[in-house]
Amino acid sequence: MEIVEAIRTRKSIRKFKPQPVSKEMLKEILEIAVRAPSAENTQPWEFFVLAGEVLDKVKTDNITKVRNFEIPPDEMAHILVERPKGSVYRNRQIDIAKQLFSLMDIPREDKAKRASWMERGFRYFDAPAAIIIAGETSLPVHGSYLDAGAVMQNICLAALHFGLHTCIENQGVTYSDVIRKHANIPATKRLMAAIAIGYADWDFPANKVQSDREPIEKSVTWCGL
Ligand SMILES: Cc1cc2nc3c(=O)[nH]c(=O)nc-3n(C[C@H](O)[C@H](O)[C@H](O)COP(=O)(O)O)c2cc1C
């Protein structure tokens, strides 16, 4: 797929077909993705690719914790931080939620439907595979996340070349203790994000969402041109 087309058409997918993704394909995607730049070529990323029984166990334990309203481990507290009320960030967050709820026919006051929608991310939107992006805790946080962001976008774009779609998710690493247990990840690794990956189910209403973007005039300051 042509690069600009890939960037323009990538979108977050929130329901996948059960069809498995081969290990070979996932390996190729990661091999392409690690061409991402990183500060001083430190390549501070590590990947834990979950599928099959391991992923099933993670999904089950995540859902149990969500249903029990379990507070995530302290190391993941940053994920729960809310954007300031009235800020553009909060408003954009509300806009995408409204779009998704409208497509899914979830009324604002329907708590049961909202809870069931929220659970989807904790089971990786039924994807047959999930990639956990991790890195050494001994490395500085900001650099690790910057470099992880670059490699994550590469994964999402490279996936398109293979007919696969993705959703980057914080929800997927919220219960880091569950992932650590089933994927055997030591405390010396920071869990930064998850990427659900698989074949998109285009019949699922939420997959039709087209998220908005602000015109670049709002974010660009031209200096000297
Ligand atoms: C770091 C990060 C974390 C995200 N976490 C979630 C998540 O937990 N659940 C979810 O449904 N989407 C999640 N997303 C997807 C965003 O909601 C999505 O990228 C945004 O709404 C723009 O839509 P698009 O990806 O379709 O262009 C996340 C994206 C990023 C970059």
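Just follow the structure's listing: the first ligand is 1, and inside any ligand the first atom is 1. Starting from 1, each residue takes its place in the sequence as its number. Hydrogens, waters and symmetry mates are skipped; everything else that's a heavy atom, side chains included, is used.
When each atom of ligand 1 is checked for a heavy atom of Ser211 under 4.0 Å away, the hits are 22 (C), 23 (O), 24 (P), 26 (O), 27 (O). For ligand 1, the atoms closer than 4.0 angstrom to any heavy atom of Lys11 are 26 (O). The contact set between ligand 1 and Gln171, taken as ligand atoms under 4.0 Å from a residue heavy atom, comprises 7 (C), 8 (O), 9 (N), 10 (C), 11 (O). Atom numbering of ligand 1 starts at 1 in the shown order; those under 4.0 Å from a heavy atom of Ile96 are 21 (O). Atoms of ligand 1 found under 4.0 Å from any heavy atom of Glu169 (numbered from 1 in listed order, with element): 4 (C), 5 (N), 6 (C), 7 (C), 8 (O).
With a 4.0 Å cut-off on non-hydrogen atoms, Met152 does not touch ligand 1 at all. Residue contacts with ligand 1, taken as heavy atom pairs separated by less than 4.0 Å, involve Phe125 solely via side-chain atoms from C-beta onward.
Residues Ile32 and Asn154 share a closest heavy-atom pair of O-ND2, 4.4 Å. Across Leu160 and Thr9, no two heavy atoms sit closer than the pair CD1-OG1, 4.1 Å.
Between Glu136 and Arg190, none of the side-chain N atoms (NZ, or NE/NH1/NH2) sits under 4.0 Å from a carboxylate O, so this pair counts as no salt bridge.
For the ring pair (Phe, Tyr, Trp, His ring centres under 6.0 Å) criterion with His165, the lone passing option out of Phe204, Tyr199, Trp202 is Trp202.
No more than 12 heavy atoms of other residues, nucleotides or ligands lie within 6.0 Å of CG in Asn184, so this atom counts as exposed by the packing criterion.
Heavy atoms of Arg213 come nearer than 4.0 angstrom to ligand 1 in at least one pair.
Distances from atom 25 (O) of ligand 1 to the heavy atoms of Cys167, Ser12, Cys156, Ala206 show the closest one on Ser12. The closest non-hydrogen atom to atom 13 (C) of ligand 1, taken over Ile168, Leu100, Asp95, Ile79, comes from Ile168.
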For this session: Would you sort out whether Tyr124 and Phe16 count as a ring-ring contact (aromatic ring centres under 6.0 Å, His included), showing the intermediate values?
Result: CA-CA 9 Å; Tyr124 307 90; Phe16 295 87; over 10 Å; no

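Counting only heavy atoms, the protein gets under 4.0 Å from atom 6 (C) of ligand 1.
Between the side chain of Lys15 and the backbone N or O of Asp203, no donor-acceptor pair lies under 3.5 Å.
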